[in-house]
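Hydrogens, waters and symmetry mates are skipped; everything else that's a heavy atom, side chains included, is used. Chain naming here is simple, since letters A, B, ... match the order of the sequence lines and numbering starts at 1 in each.
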Protein chains: 2
Amino acid sequence: MKIHQNIKVAVDAVVFGYSDNKLKILLIQQKFGSTTNKWALPGGFVKDAETLEQAVIRELNEETGVKANYLEQLYTFGAINRDERARVIAVSYIALINPKNYSLKADTDAIDAKWFDINDIPKLAFDHKDIITKGLERLKAKINYQPIGFELLNSKFPFSDLENLYQTILSKKIDRRNFRKKLLSFEILQETTEFQNIGSGRPAKLYKFNNKKYRELEQNGFHFEIKFA
Amino acid sequence: MKIHQNIKVAVDAVVFGYSDNKLKILLIQQKFGSTTNKWALPGGFVKDAETLEQAVIRELNEETGVKANYLEQLYTFGAINRDERARVIAVSYIALINPKNYSLKADTDAIDAKWFDINDIPKLAFDHKDIITKGLERLKAKINYQPIGFELLNSKFPFSDLENLYQTILSKKIDRRNFRKKLLSFEILQETTEFQNIGSGRPAKLYKFNNKKYRELEQNGFHFEIKFA
DNA sequence: TCATTTATGCGTATATTTTACACAAATGTA
DNA sequence: TACATTTGTGTAAAATATACGCATAAATGA
């Protein structure tokens, strides 16, 4: 094949985390090089012998040390001048992580990595702001019809965590009782014998997401779906 | 930037059409060259100076002569050996067209283009079968929450057409009265004074999709959504 | 130790939405 | 003119979503 094409292929990841009742995004900063000082999404060029997904996983590990709990292709950005240096198209992914499970290998290599509150994102390189916007839209839509929110929480969690997670991501209030009723009606949450006890207030029973049960139900035509006006 | 990467970027389109109460897909066949005889999705390599979307539009026009009514990025396929000749990643799109509006420029150039019934697709080149599968999934999901079905019909259509369209795409029966009631409740359909009269049976009133009204409503928080068990 | 504060856990009544279902009207055809 | 074919319409029952109040279990501090 004799195609003369001068286009590079990169991958970028919108990595969501949830801590302190806030939705966060993982960003990196090159310490040296042309784009110094601007924060950007983790990502990089795809190697000839790896798939797109392998590339994201590798870059995420190299640049931040984290491994995604959940990874899903988001969108491919192909504007002609999105990178001033060359024609680069970016295949973007969204990833979900529980930040508690990793300590960022900040200051390693030539790269700094940090979690940013979704509402407090610095100026970003390239069109990465757009990518985040698209990623957030996808996340907002998706937690309503796929049980992926759990990937952001500890494996055992109190109902209030789940509740807060949904309220934070969707930026709206949800009635506690109705939320609980709905989630429990799915029968994909497993009650544990443990309790969480933070300061004052009645201790909360901890629940686990029962993935196996979920997949069983899904096979029988069940469809996870939440909707709160 | 000194990246040595030997990856080509292509675009492919899953073009849906609807005629004779059947869902169809537009395929092409190269008459000469290495992939002769195998049918494939319309598409081709992206030029250095065009966006991905421009590339799809151009290729669609060159290879089949059609112009999409609706175009949406689908997914990017990046398996290492999806094309035996070289490393090629494909950014795929879905397009909706009313076949009646175009006569395919079949037999022109070195390319043959034809509509195939979705249930009668020949053996395809590369991973194009997978792309179609993904495209169909997307279409099935999307007609339920975006009014894109109209793009496949004449601008004035009887309710039965819309009904059949949904039943065909979703491969399930939908109660005529409930369907009509739901659609009319949105107030995005405009009744015309015209009637359609095909052979026997009571003549059907023709309706138009009121795009302007739809966008207005959307701005005020309205959300198109159909759901039939 | 007892009243107060804070957070969890549960039930019920009402409104809204979805589903199920049958027959009359308007045309073409034999 | 009887019959076949397609369009067009209403209502009752079931399921789901929403709104809302109070008891329970712990920590805190007077």
If you define the side chain from C-beta out and look only at heavy atoms, does anything of Asn220(A) sit under 4.5 Å from Glu216(A)? no

Residues in side chain to side chain donor-acceptor pair (under 3.5 Å) with [X], at least two apart?
| X | value |
| --- | --- |
| Arg176(B) | none |
| Lys156(B) | Glu194(B) |
| Asn211(B) | Arg215(B) |
| Thr76(B) | Thr76(A) |

Side chain of [X], backbone of [Y]: donor and acceptor closer than 3.5 Å?
| X | Y | answer |
| --- | --- | --- |
| Asn69(A) | Glu151(A) | yes |
| Asn154(A) | Phe157(A) | no |
| Asp12(B) | Ala90(B) | no |

Selection residues 126-137 of chain B - residue pairs positive for salt bridge (charged side-chain N to carboxylate O under 4.0 Å, His left out), sequence neighbours left out: Arg82(B)-Asp127(B)

Going by the salt bridge (charged side-chain N to carboxylate O under 4.0 Å, His left out) test, which pairs reach into residues 180-193 of chain B, not counting sequence neighbours? Glu191(B)-Lys205(B)

Whole-Å gap separating C1' (dT6(D)) and CG (Asn21(B)): 13 Å

Take atom CG of Asn144(A) and atom P of dA17(D), then tell me their distance rounded to the nearest Å. 12 Å

Would you call Glu225(B)-Lys227(A) a salt bridge at under 4.0 Å N-O? yes

Is Arg177(B) salt-bridged to Asp175(B), going by a charged N under 4.0 Å from an acidic O? yes

First and last nucleotide of DNA chain C touching chain B, 5' to 3', heavy-atom cut-off 4.0 Å? dT18(C) to dG28(C)

With Phe224(A) as partner, the option from Tyr145(A), Phe186(A), Phe209(A) fulfilling ring-ring contact (aromatic ring centres under 6.0 Å, His included) is Phe186(A)

Indicate the ring-plane relationship of Phe179(B) and Phe228(B), choosing parallel, tilted or perpendicular according to the 30° and 60° boundaries. tilted

Of all residues at least two apart in sequence or in a different chain, which pass the side-chain contact (heavy atoms from CB on, under 4.5 Å) check with Glu72(A)? Tyr70(A), Ile94(A), Arg138(A), Lys142(A)

Strictly below 4.0 Å, heavy-atom distances to any atom of DNA chain C: list the hits from residues 217-229 of chain B, or just say none. Lys227(B), Phe228(B), Ala229(B)

Positions of residues 156-173 of chain A (non-hydrogen atom under 4.0 Å from DNA chain D), listed by number: none

Per-nucleotide protein contact string for nucleotides 23-30 of chain D (B base, S sugar-phosphate only, - none; heavy atom under 4.0 Å): -BBBS---

For nucleotides 9-14 of chain D, tabulate all protein N/O to nucleotide N/O atom pairs closer than 3.5 Å, reporting atom names and distance.
from: dT11(D); atom 1: O4; to: Lys181(B); atom 2: NZ; distance (Å): 2.8

